[in-house]
Amino acid sequence: MLDPNLLRNHLAQTAERLRATRGVELDVARIEALEAERKQLQTRTQELQNLRNTRSKAIGAAKGKGEDTTALMAEVAGIGDELKAAEARLGEIQKAQADIALTLPNIPHESVPLGKDETGNVEVRRHGTPGTFAFKPLDHVELGARKGWLDGESAAKLSGARFTVLRGELARLHRALAQFMIDLHTREHGYLEVNVPLLVSAESLQGTGQLPKFEEDLFATNTGDVRRYLIPTSEVPLTNLVRDEIVDAGALPMRMTAHSMCFRAEAGSYGRDVRGMIRQHQFEKVELVSIAKPSESYAEHDRMTKCAEKVLELLGLPYRTMLLCTGDMGFAATKTYDLEVWLPAQGTYREISSCSNCESFQARRMQARWRNPETNKPELVHTLNGSGVAVGRALIAVMENYQQADGSIRVPEVLRPYMGGSEIIE
RNA sequence: GGAGAGGUGGCAGAGUGGUCGAAUGCGCCGGAUUCGAAAUCCGGUUUACGGUUUCGCCGUAACGUGGGUUCGAAUCCCACCCUCUCCGCCA
């Protein structure tokens, strides 16, 4: 959620900035009208409440002394109805304002390049050199099919499109990747391992920004009248851990990591990446979340991105780091770096991680605060999240980059301890 | 799923219709005392929102959540949520 002050006192500039960066048109006239009515109604409501309270106290005092209260009672008689009407109307106005505020995206940081879509993204660095093959490299679907390692048909039978079944050594390699990543982040990067619920409330999803606007991207359950959602990323539970909390300054930055399943309905992406396990309804991800002081959040953002990059470097996978342009960024972010890993069969770099600073956008929705020792007042924290990294896509990248002519796959050295010392799977 | 108990400030815990945003204790902050510390004493110590002549002040709201009764609700009524104990079921 944007700072309400921006919509109240800097509406014209905010509207212009949202138009330029996000292509979002604000209904300026309606927002102004709502705010004017809100101000007038709130003042009036509070006056009436004040009046009722003072009169009621007078009645109490009079009764205490055994005095007659009929005159006082008559005085207060008309207040109730007007107050009730004013409160109801004020509630409607505030609801309308909240509905608008909850659907507005965050405003990008000034260092973010303007752009419409992914073609406006800027490469900031590149690591590793794509390997050369003495043979035509196969893609992960072909490599996985040879031994029944990767089986989309069985998955379709079980669940439908966009699921996969992994078997044998490939399933093990997948598990090894997740283990390796989480160990790296906990042991080397100072993140606290957290195991989180995969089903969360609507409130949690509103806190991180998936609701109310992106409900169609989520899987939902409705058991026993209780609506819960499958998490699209463990960013949701991890970040919501600080919802409605005031954390000590000494606890920041609060770095947390989780290995979890993620579930996405992938509405609006039909026809894209239908082959293989690039885009699935269900996948695994190791997530990084950091809760930071506002003054430190951009340094923390860079650090987090480097933590994700480290995963790819240790796996020996060539990648590049992209600074997303305004038009390609997610709803809650002010600044995002994507990591794109080299996939030799496609001859392109593909997204494998996304690291974002959300500043106070999520914190405001969640009332997530810290106590600033300088002011001794609660202030909103900044929240950051990044993939460190997507496990399924890392598996694809290892398969394709480490394949050999006979279809076997070498095991990256850092994964061998997790693979019983195996140097190759075949 | 069955039976019972309970949800109040950072924590513990009073309060069953009126000056209660809330006793008391602990904790924390400031001060006094002290060479310094402990102990003791004094004072302070929730949050959100709004207004404003903006670092001050004023107002409103909040005692699990949402409704209701009432001039007035932490307190009474209804519904829901959550926690704990015992039983059942279960990985």
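Lettering follows sequence order; numbering is per chain, from 1.
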Pairwise P distance, C57(B) and G44(B) [rounded to whole Å]
14 Å
When the P atoms of G6(B) and A62(B) are compared, how many Å lie between them, rounded to an integer?
25 Å
Would you please confirm or rule out a distance under 4.0 Å between OP1 or OP2 of G67(B) and any side-chain N or O of K84(A)?
no
Reckon N50(A) has a side-chain N or O less than 4.0 Å from the OP1 or OP2 of G59(B)?
no
Do S204(A) and Q206(A) have side-chain atoms, one donor and one acceptor, less than 3.5 Å apart?
no
R52(A) side chain near U60(B) phosphate (N/O to OP1/OP2, under 4.0 Å):
no
Check this one for me: any side-chain N or O of R55(A) less than 4.0 Å away from OP1 or OP2 of U19(B)?
no
Quote, to the nearest angstrom, the P distance that separates A5(B) from C76(B).
15 Å
Using a 4.0 Å heavy-atom cut-off, does K63(A) contact any base of the nucleic acid, only the sugar-phosphate backbone, or nothing at all?
base
Using the side-chain hydrogen bond (donor to acceptor under 3.5 Å, both in side chains) rule, collect all pairs that involve residues 82-93 of chain A, keeping only residues at least two apart or in two chains.
E37(A)-R89(A), R44(A)-E82(A), Q49(A)-E87(A), R89(A)-E92(A)
Please report the distance separating the P of U53(B) from the corresponding atom of U40(B), rounded so that it comes out in whole Å.
48 Å
RNA chain B-proximal residues of residues 196-206 of chain A, any heavy atom under 4.0 Å
none
Any side-chain N or O of N53(A) below 4.0 angstrom from OP1/OP2 of A61(B)?
yes
Could you check which of A48(B), G50(B), U60(B) has an atom nearest any side-chain atom of Q367(A)?
A48(B)
Atom of I424(A), atom of S408(A) and distance for their closest heavy-atom approach
CD1-OG, 3.5 Å
Nearest to the side chain of P378(A), which nucleotide is it out of A48(B), C71(B), U19(B)?
A48(B)
So does R8(A) get a side-chain nitrogen or oxygen closer than 4.0 Å to the phosphate oxygens (OP1/OP2) of G50(B)?
yes
In terms of heavy-atom contacts, T383(A) and T239(A) come closest through CG2-CG2, 3.9 Å
A correct dot-bracket answer for RNA chain B, with pairs being Watson-Crick or G-U at under 3.5 Å, [ ] for crossing pairs and | for inter-strand pairs, is ((((((((.[[[..)..(.....]]]((((((.......))))))(((((((...))))))).[[[[[..)....]]]]])))))))....
For atom C1', what is the distance between C49(B) and G68(B), given to the nearest Å?
25 Å
